[in-house]
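Below is one structure, written out as structure tokens, with a few remarks after it.
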Amino acid sequence: MGLGDDLMAVGDAYAIYKKTGKKVCIGKSTARPAQSPMYKNLDFLEQDPCWSANGAVIHFESFTGKRPYIDYRKSSSSNQVLFPDYRPKPGVIQFTEEEKAQANQMVPYEPGSRRIYVEPHVKGTYSDQNKRWPWEYWIELVRELKAAGHQVVQLSRPELSGLPFIPRMGSEDVRVSLAAMRACDVLVCSEGLLHHAAAALKVPAVVIWGARTDPKILGYEGQLNLTSGTDYCGSRTKCQHCQEAMDRITPAQVQEAIEDLL
């Protein structure tokens, strides 16, 4: 589990705060509140232990091993099962002025063009290989977008492989990279932190899902979610079904979705 899960927890916590007016403490009830870059600067989150708040704080359990959207009784080491009725709520990200200033300096603006930010990499956890769109598809997509006159930028950390033809702007500080997303017209990514961040920041997004996870459960209204079937397997190991599903989503389909959002 990673920062995308933490940002979903922020969305759930913010909904609780709006409903009750009480601060929310995220984490185990017997430990100090969970820590995450996604929890910074949010005044509706409580940073003191829940038990010290005398009922003034609502405790919300969401941490590795206890996420509210995973049915752990039905899941296994090779397969993840989600509760079908769960829907994520857009989170909140409060940037500092310094984070915004750093983000604004990362890539110059090309007048007269639309900014398309792409992220071809997927976090290397259980299911990364099943969420990865083919690299050669990303190259073809970038080539066609540039031919159409768009400014295309890769939003990846410096140590990750870069796509040809375009600049890369990712920061070692994930919050600065997310702050940079505010300047794009459309984000293109796979399921994960960036699609959750796009919902929080109200950035239009094309999300390439394949067939591992059902976007009706973990997707957001307003984003264009691309799949190739309804047989979502939830596999945590390398899966031929997931790869074939990704192969069926063509660069032309992704470009069409981008143009629809633009």
Side-chain angles (χ1 to χ4, degrees), residues 4 106-107 109-110 112-124 127-170 177-178 180-181 183-199 201 203-216 218-233 235 238-262:
M106 292 174 68
V107 170
Y109 177 61
E110 296 177 3
S113 64
R114 298 291 186 93
R115 282 184 171 180
I116 313 297
Y117 287 2
V118 300
E119 175 50 278
H121 295 286
V122 181
K123 182 183 175 183
S127 55
D128 66 313
Q129 54 200 340
N130 299 330
K131 299 178 182 179
R132 187 179 295 120
W133 200 46
W135 187 260
E136 60 271 22
Y137 284 12
W138 284 107
I139 295 174
E140 182 178 344
L141 175 67
V142 165
R143 184 186 296 112
E144 293 302 320
L145 289 173
K146 285 183 65 64
H150 301 306
Q151 181 183 13
V152 189
V153 178
Q154 181 175 340
L155 192 67
S156 296
R157 299 192 309 276
E159 71 273 15
L160 297 177
S161 301
L163 292 164
F165 319 123
I166 60 173
R168 183 169 32 172
M169 62 175 290
S177 290
L178 296 183
M181 278 173 48
C184 75
D185 293 287
V186 175
L187 169 73
V188 187
C189 63
S190 301
E191 169 203 351
L193 169 62
L194 293 188
H195 100 274
H196 295 298
L201 300 173
V203 171
V206 175
V207 187
I208 305 172
W209 290 79
R212 180 192 180 271
T213 307
D214 188 348
K216 292 181 180 178
L218 294 187
Y220 296 89
E221 291 186 7
Q223 296 182 346
L224 289 184
N225 300 310
L226 301 183
T227 70
S228 56
T230 56
D231 181 19
Y232 303 104
C233 68
S235 178
K238 187 174 182 179
C239 174
Q240 186 68 23
H241 156 262
C242 290
Q243 186 56 62
E244 291 174 355
M246 279 296 191
D247 290 345
R248 288 195 295 270
I249 300 173
T250 67
Q253 288 175 302
V254 177
Q255 184 173 5
E256 181 180 359
I258 294 169
E259 299 294 349
D260 286 346
L261 287 181
L262 291 174

* Structure fact -> Closest non-hydrogen atoms of Val207 and Glu191, given as atom of the first, atom of the second and distance, are CG1-N, 3.8 Å
* For a side-chain contact (heavy atoms from CB on, under 4.5 Å) with Val254, tell me which candidate from Leu224, Ile208, Val118 qualifies. => Ile208
* When rounded to the nearest 0.5 angstrom, what distance separates CZ in Arg157 from CD in Glu119? -> 8.5 Å
* Are any of the side-chain heavy atoms of Val122 and Trp133 separated by less than 4.5 Å? -> no
* Is a side-chain donor or acceptor of Gln243 paired with a backbone partner of Lys238 at a separation under 3.5 angstrom? -> no
* Under 4.5 Å between any side-chain heavy atoms of Thr227 and Pro215, yes or no? -> yes
* Heavy-atom closest pair, residues Ser228 and Met246 -> OG-N, 4.4 Å
* **Arg212 side, atom CZ; Gln129 side, atom CD - distance, nearest 0.5 Å** => 10.5 Å
* To do: Decide yes or no for Trp209 and Asp214: does some side-chain heavy atom of the first lie under 4.5 Å from some side-chain heavy atom of the second?
  => no
* Going by distance alone, is a donor N or O of one side chain under 3.5 Å from an acceptor N or O of the other, for Gln255 and His150? -> no
* Structure fact -> Only residue of Ser161, Ser177, Pro120 satisfying side-chain contact (heavy atoms from CB on, under 4.5 Å) with Ser156 is Pro120
* Mind checking the CG-CD spacing from Leu261 to Glu256? Nearest 0.5 Å is all I need. => 11.0 Å
* **Residue pair Asp128 / Lys123, side-chain heavy-atom distance below 4.5 Å** => no
* Structure fact -> For Ser113 and Gly149, the nearest pair of non-hydrogen atoms, with its separation, is CB-O, 3.5 Å
* Just wondering, do His121 and Trp135 contact through their side chains at under 4.5 Å, heavy atoms? -> yes
* To do: Would you check if Thr213 and Tyr232 make a side-chain contact, meaning some heavy-atom pair closer than 4.5 Å?
  => no
* **Parallel, tilted or perpendicular, as decided by the 30° and 60° cut-offs, for the rings of His196 and Tyr220** => perpendicular
* To do: Any chance you could measure Ile166, atom CD1, to Leu145, atom CG, to the nearest 0.5 Å?
  => 9.0 Å
* Asked: Is the backbone N or O of Leu163 less than 3.5 Å from a side-chain atom of Gln154, with the two atoms forming a donor-acceptor pair by type?
  -> yes
* Apply the test side chain to side chain contact (heavy atoms under 4.5 Å, CB included) to residues Val206 and Asp260: give CA-CA distance (whole Å), side-chain angles for both, the deciding distance (0.1 Å), then the verdict. => CA-CA 10 Å; Val206 175; Asp260 286 346; over 6 Å; no
* Might you point out which heavy atoms bring Leu178 and Ala197 nearest each other, and give the distance in Å? => CD2-CB, 3.8 Å
* Asked: Rounded to the nearest 0.5 Å, how far apart are CG of Leu155 and SG of Cys189?
  -> 9.5 Å
* Between atom CD of Gln253 and atom CG of Leu226, what is the distance when rounded to the nearest 0.5 Å? -> 7.0 Å
* Asked: Should Val142 and Pro164 count as side-chain neighbours, where that means a heavy-atom distance under 4.5 Å?
  -> no
* **His195 side chain vs Gln223 backbone, donor-acceptor pair below 3.5 Å** => no
* To do: Indicate the atoms forming the closest heavy-atom contact of Ile249 with Gly210, along with that distance.
  => CD1-N, 3.8 Å
* Could you tell me which non-hydrogen atom of Lys146 sits nearest to which non-hydrogen atom of Val152, and how far apart they are? => CG-CG2, 4.0 Å
* Do Val186 and Arg114 have side chains that get closer than 4.5 Å, going by heavy atoms? -> no
* Asked: Is there a donor-acceptor pair under 3.5 Å between the side chain of Asn225 and the backbone N or O of Gly219?
  -> no
* Over 12 non-hydrogen atoms of neighbours within 6.0 angstrom of CD in Glu136 -> yes
